[in-house]
Amino acid sequence: MAAGRAWLMWGLGALCYLTALFHRMSLSVAGLTAQERFSIDATGLAAFSVVQLVLYALLQVPVGAAADRFGPRRLLALGMALMAAGSIVFALATAYPAAMAGRALIGAGDAFLFVNVLRLAHNWFPGRRYALVAALTGMIGGLGQLIATAPLAALLTGFGWTPAFLVAGVITAVLLVAVGVALRDGPSATVREEPREPLRVSLRHAWRNRGTRHAMWTHFTLMGAFVTFTAVLGQPYLVHAQGRTPAAASALLTVVVGGFVLAGTFAGQLASRRPGVRGPMVATAAVVSLVCWAVLVVVPGPLPVAVLGPVLFLIGAAGAVSMLAFDLARSANHGHQAGVASGVANMGGFTFAVVAELGAGLLLDELLRHGVAGPLAYRLSFLVALVMGLAGTVRLLTLHKHAGVRPRELELAA
């Protein structure tokens, strides 16, 4: 009975996360439509995602600390309320500033979701199951991303911009009510682990911990590359650099997200049974992701589906392995610092995505302005992500021996 209730509570939180991933990735297939609707160039399109992800990244540590102190239920409700409002504003917007305000609300609300669903897992499940539940959370989020690919494209084609995003806002509001009525922080009223020191002290301890930094670079390298491709840049790249139709590009984005969903469960199960494989697994995934991005940048298109499909699938699979960052951060820190450590780790990938998307958008517009052919310009714009992925891989490998290892001074104090 207790186990069933734990899964029910996590499941409700995971449904909220699914909704958040749908909102986060909804521009993956709506990017070209958004450019037409709001009369914007590639930089303007990238700015939607940049503003959204900047707010997300900046709020990660405060939200993680709040999860440790106040519990996840209140924060999940706040996040869902912000996302519902943002989706409605975005649906009704006919001008760029209003649309940007909607995406900003979505980004701020999204920031409250993942860390607090992880906190639910921390409260309701034993530590040995945390890696699996975290990976399953990522898999459920991946389903939200799948809905934001071909199904959303069909909805936009059939019903138009405003109805599609209004439906998303209404569904988010319904889940907000469910959270307020049914969700509980944990199996007892004493699940909150009050921090033993102020936030600045917890943050300093988490950052000095090399295990936390390894987790952050893991997320930076793997999730950053995945979000950069799927959030907004992937569809234009596939259309202009790889010569695909918008419909075919949407289908190929589904392949990326499919890799994320399928690999997430496998990685979580393996890490739960053999925690020692987490470090080698993330190191291998980082190298594989780097090679795949090199193919997208260096090899002229259009690539045959037999090559492009596996490359995109592997980028998605490497993104799924990034979910191990949170188990690595948890096992390297005390329980009362779990939220702060998860927040630090979670900042990594979205910092990557913000810089890579904005940089790629600016580089692309500059190349096109100077007469570089479209397919080449789109490929070269991905150099930003490739260089950042290389830097992240180097840092991750440098900290490899600290993967999930709690420093001796923390062991002695426990």
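All values below come from the heavy atoms of this structure, side chains included, with hydrogens, waters and symmetry mates left out. When a residue number appears, it is its place in the shown sequence, counting from 1.
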* Working to the nearest 0.5 Å, report the span between OG1 of Thr230 and CG of Leu27. => 11.5 Å
* To do: Any chance you could measure Asn123, atom CG, to Met9, atom CE, to the nearest 0.5 Å?
  => 12.5 Å
* Structure fact -> Interatomic distance, NE2@His23 vs CD1@Ile171, rounded to 0.5 Å, equals 8.5 Å
* Asked: Just by distance, do the side chain of Arg379 and the backbone of Val297 share a donor-acceptor pair under 3.5 Å?
  -> yes
* Asked: Parallel, tilted or perpendicular: which fits the ring planes of Phe38 and Trp161, with parallel below 30° and perpendicular above 60°?
  -> perpendicular
* In terms of side-chain heavy atoms, does Arg103 have a donor or acceptor partner in Ser26 at a distance below 3.5 Å? -> yes
* To do: Could you grab the distance from atom CD of Gln60 to atom CG of Leu55, nearest 0.5 Å is fine?
  => 11.0 Å
* Is a side-chain donor or acceptor of Ser289 paired with a backbone partner of Ile315 at a separation under 3.5 angstrom? -> no
* Give a yes or no on whether the backbone of His219 and the side-chain of Ser322 come within a donor-acceptor separation of less than 3.5 Å. => no
* Asked: Would you say Arg244's side chain and Val239's backbone share a donor-acceptor pair under 3.5 angstrom?
  -> no
* Donor-acceptor side-chain pairing of Tyr56 and Asn346 below 3.5 angstrom -> yes
* Are Phe114 and Phe326 near enough that their ring centres are under 6.0 Å apart? -> yes
* Output, in order, the C-alpha distance, side-chain angles, deciding distance and verdict of side-chain contact (heavy atoms from CB on, under 4.5 Å) for Arg184 and Trp124. => CA-CA 10 Å; Arg184 296 294 178 266; Trp124 282 97; 4.1 Å; yes
* In Å and rounded to the nearest 0.5 Å, what is the CG to OG distance from Leu233 to Ser381? -> 7.0 Å
* Asked: What's the verdict on side-chain contact (heavy atoms from CB on, under 4.5 Å) for Trp217 and His400, showing C-alpha distance, side-chain angles and the deciding distance?
  -> CA-CA 10 Å; Trp217 285 108; His400 174 75; over 6 Å; no
* Return the orientation label for the Tyr237 and Phe382 ring planes: parallel under 30°, perpendicular over 60°, tilted otherwise. => parallel
* Would one find more than 12 heavy atoms of other residues, nucleotides or ligands at under 6.0 Å from atom CZ of Phe266? -> no
* To do: Could you tell me which non-hydrogen atom of Leu176 sits nearest to which non-hydrogen atom of Ala77, and how far apart they are?
  => CD1-O, 3.2 Å
* Please lay out, stage by stage, how Thr94 and Arg37 fare under the test side-chain contact (heavy atoms from CB on, under 4.5 Å). => CA-CA 7 Å; Thr94 56; Arg37 182 178 177 89; 4.0 Å; yes
* Decide whether Trp10 and Thr137 meet the rule of one side-chain donor and one side-chain acceptor closer than 3.5 Å. => yes
* For Ile40 against Phe48, the heavy-atom pair lying closest together -> CD1-CE1, 3.7 Å
* Asked: With under 30° as parallel and over 60° as perpendicular, where do the rings of His240 and Tyr378 fit, or are they tilted in between?
  -> parallel
* salt_bridge(Arg24, Asp110) N-O dist < 4.0 Å -> yes
* Between Asp365 (side chain) and Thr43 (backbone), is there a donor-acceptor pair under 3.5 Å? -> yes
* Structure fact -> Interatomic distance, CE@Met80 vs CG@Leu175, rounded to 0.5 Å, equals 4.5 Å
* Asked: Do side-chain atoms of Thr162 reach the backbone of Ala91 as a donor and acceptor pair under 3.5 angstrom?
  -> yes
* To do: Report yes or no: do Glu357 and Ser49 form a side-chain donor-acceptor pair below 3.5 Å?
  => yes
* Ignoring hydrogens and angles, tell me if any N or O in the side chain of Arg395 forms a donor-acceptor pair with the backbone of Thr393 under 3.5 Å. => no
